[in-house]
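Below is one structure; the comments refer to it alone.
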Amino acid sequence: MNKLPQHKASQYSDFGVHLRRIQSPTSSHAPVTYAHQDDYYIFGLVEEGTGCGIIDFKEQHFSSGDVFLIQPGQVHRFISSENLEGWVLMSDSSFVGSAEKCVFDDFSLFASLLHIDGQRRNELKQITTLLAGRMDCIMNKQTKATARRLVETFISIVAEAVQDINLQQTTHSRRHMEIVLSFRRLLAEHLATSRSPSYYASLLNISTVYLNEVVKGVTGMNATLYIKNEVVLQAKRLLVHTDLAVKEISDRLGIDDYAYFSRLFTQQAGISPTLFRKRNLE
């Protein structure tokens with residue numbers, strides 16, 4: 001009988017941190033677990049073994065030396081593991097500085113997983129060991145402050161590694177990256193209001209033609225297609241994470257024409273909203 005990984009040495013804090021040691025049974029394959037969505041950052045450090053999960057409906061395979069990053073709002077679930085050992089650090093967004101958030105936002109345009117170099121991997125292991133000891137005996141403000149600094153250092157080291165990857169992989173100008181990230185942030189705020197590229201170009205004080213050019217150059221999709229994909233991604237999150245009826249999800253996303261919403265979802269996802277929900281919740 002297949003078993004889920006055993007989560008050992010879970011430590012909770014009253015200041016926005018959860019550190020968990022992960023150890024899975026030898027040669028086991030965990031069945032699909034339920035998808036869920038959190039409002040904090042999750043950093044996974046894989047020391048040994050392999051595993052598989054889904055982050056925002058994209059399958060991710062990780063192995064020894066990998067670090068995975070799940071950002072607030074991303075739907076995720078664990079699928080399987082074999083001889084998996086490592087740590088998962090869950091952190092309130094207050095531990096992530098503005099510079100680190102920018103680095104992680106850049107990275108999220110392309111990936112959720114990176115292979116970290118040996119030196120940084122050892123540093124992260126040392127920090128998690130120290131943090132685990134501190135969180136077992138937090139007695140006063142000073143030990144809490146020490147634990148907080150350890151968390152911030154862990155996140156900073158991950159950001160260093162991510163920034164190295166961003167610099168190696170990204171050939172786009174900083175200006176173009178900033179436009180795309182601003183476009184994404186505006187989409188998150190105004191998606192239910194408008195799905196027109198010209199609306200977002202106006203908010204960004206650039207032409208629609210230029211917005212399309214920049215978005216396509218960075219993401220491979222023009223602004224119209226990117227907006228459609230964002231609508232479908234938000235719909236997927238709501239289908240999996242809420243009990244809202246499909247019609248209610250359509251309304252929440254600002255689409256009054258339910259038939260159009262259903263066609264758009266099916267066209268982009270290759271499956272109807274109802275069937276998508278069934279397959280991801282069964």
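Quick note: residue numbers are just sequence positions, from 1.
In this structure, the side chains of T128 and F154 come closer than 4.5 Å at one or more pairs of heavy atoms. Counting heavy atoms from C-beta on, the side chains of L113 and I55 never come closer than 4.5 Å. Counting only heavy atoms from C-beta outward, the side chains of H190 and L203 approach each other to under 4.5 Å. Within the 4.5 Å cutoff, the side chain of I227 has heavy atoms near those of the L191 side chain. Using a 4.5 Å heavy-atom threshold, the side chains of T219 and V180 count as touching. At least one side-chain heavy atom of R20 sits less than 4.5 Å from a side-chain heavy atom of H18. Residues I271 and R279 meet the side-chain proximity criterion, which asks for heavy atoms closer than 4.5 Å. Side-chain contact between E85 and R21: present, with at least one pair of heavy atoms (C-beta onward) separated by less than 4.5 Å.
Taking every heavy atom of both residues into account, D56 and Q74 meet most closely at OD2-CG, 3.3 Å. Considering all non-hydrogen atoms of both residues, D256 and D251 come closest at CA-OD1, 4.4 Å. Taking every heavy atom of both residues into account, P197 and L211 meet most closely at O-CD2, 3.5 Å. The shortest heavy-atom contact between R134 and A147 is CB-CB, 4.5 Å. The two residues L253 and V231 have their closest heavy-atom pair at CD1-O, 3.7 Å. Contact detail for G16 and F95: the closest heavy-atom pair is O-CE1, 3.9 Å.
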Evaluate the side-chain contact (heavy atoms from CB on, under 4.5 Å) criterion for residues Y210 and I179: first the C-alpha distance (whole Å), next the side-chain angles of each, then the deciding distance (0.1 Å), finally the verdict. CA-CA 10 Å; Y210 186 52; I179 288 173; 3.7 Å; yes
I would like to know whether F183 and Y226 meet ring pair (Phe, Tyr, Trp, His ring centres under 6.0 Å); could you show each step before the answer? CA-CA 10 Å; F183 172 57; Y226 195 95; 5.7 Å; yes
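Around NZ of K125, the count of heavy atoms belonging to other residues, nucleotides or ligands within 6.0 Å exceeds 12. Crowding of E248 atom CD: a count of heavy atoms from other residues, nucleotides or ligands under 6.0 Å exceeding 12. For D243, the CG atom is loosely surrounded, since the number of other residues' heavy atoms within 6.0 Å does not exceed 12. Around CZ of R185, the count of heavy atoms belonging to other residues, nucleotides or ligands within 6.0 Å exceeds 12.
Look at K101 and D105 and you find no salt bridge, because none of the NZ, NE, NH1 or NH2 atoms lies under 4.0 Å from a carboxylate O. Salt-bridge annotation for E178 and R174: present, with a side-chain N of the basic residue lying under 4.0 Å from a carboxylate O of the acidic one. Using a 4.0 Å cut-off between charged side-chain N and carboxylate O, D92 and R148 make no salt bridge.
Side chains of R184 and S108: a donor-acceptor N/O pair is present below 3.5 angstrom, by distance only. A donor-acceptor pair shorter than 3.5 Å cannot be found between the side chains of E48 and N83. Using modelled atom types, one finds no donor on one side chain facing an acceptor on the other under 3.5 Å when comparing S194 with S196. For H61 and E59, the side-chain atoms include at least one donor-acceptor pair closer than 3.5 Å.
The hydrophobic clustering, which links ILVMFWY residues whose side-chain heavy atoms are closer than 4.5 Å, places V215 and V209 apart.
Using modelled atom types, no side-chain atom of T208 and backbone atom of A201 make a donor-acceptor pair closer than 3.5 Å. No side-chain donor-acceptor contact under 3.5 Å links R237 to the backbone of T242. For N212 (side chain) and A223 (main-chain N/O), a donor-acceptor pair under 3.5 Å exists by modelled atom type. A donor-acceptor pair is defined here as one N or O able to donate and one able to accept, closer than 3.5 Å; no such pair exists between the side chain of S250 and the backbone of V246.
Taken to the nearest 0.5 Å, the OH atom of Y40 stands 13.5 Å off from the OG atom of S94. The distance from atom OG1 of T129 to atom CG of L150, rounded to the nearest 0.5 Å, is 10.5 Å. From Q267, atom CD reaches atom OG of S262 across 11.5 Å, with rounding to the nearest 0.5 Å. With rounding to the nearest 0.5 Å, the separation of CD1 in I116 from CD1 in I157 is 8.0 Å. To the nearest 0.5 Å, atoms CH2 (W87) and CG (L45) are separated by 9.5 Å. Put simply, CD on E100 and OG on S93 are 12.5 Å apart, with the number rounded to the nearest 0.5 Å.
Listed by first and then second residue, the side chain to side chain donor-acceptor pair (under 3.5 Å) pairs involving residues 110-123 are D66-H115, D117-R120, Q119-E123, R120-E160, R120-D164 (not counting sequence neighbours).
Looking at R77, H76, Q60 one by one, the single match for side-chain contact (heavy atoms from CB on, under 4.5 Å) with I54 turns out to be R77.
A centroid separation of less than 6.0 Å is found between the aromatic rings of F104 and F43. Residues F57 and F276 place their aromatic rings such that the two centres sit under 6.0 Å apart.
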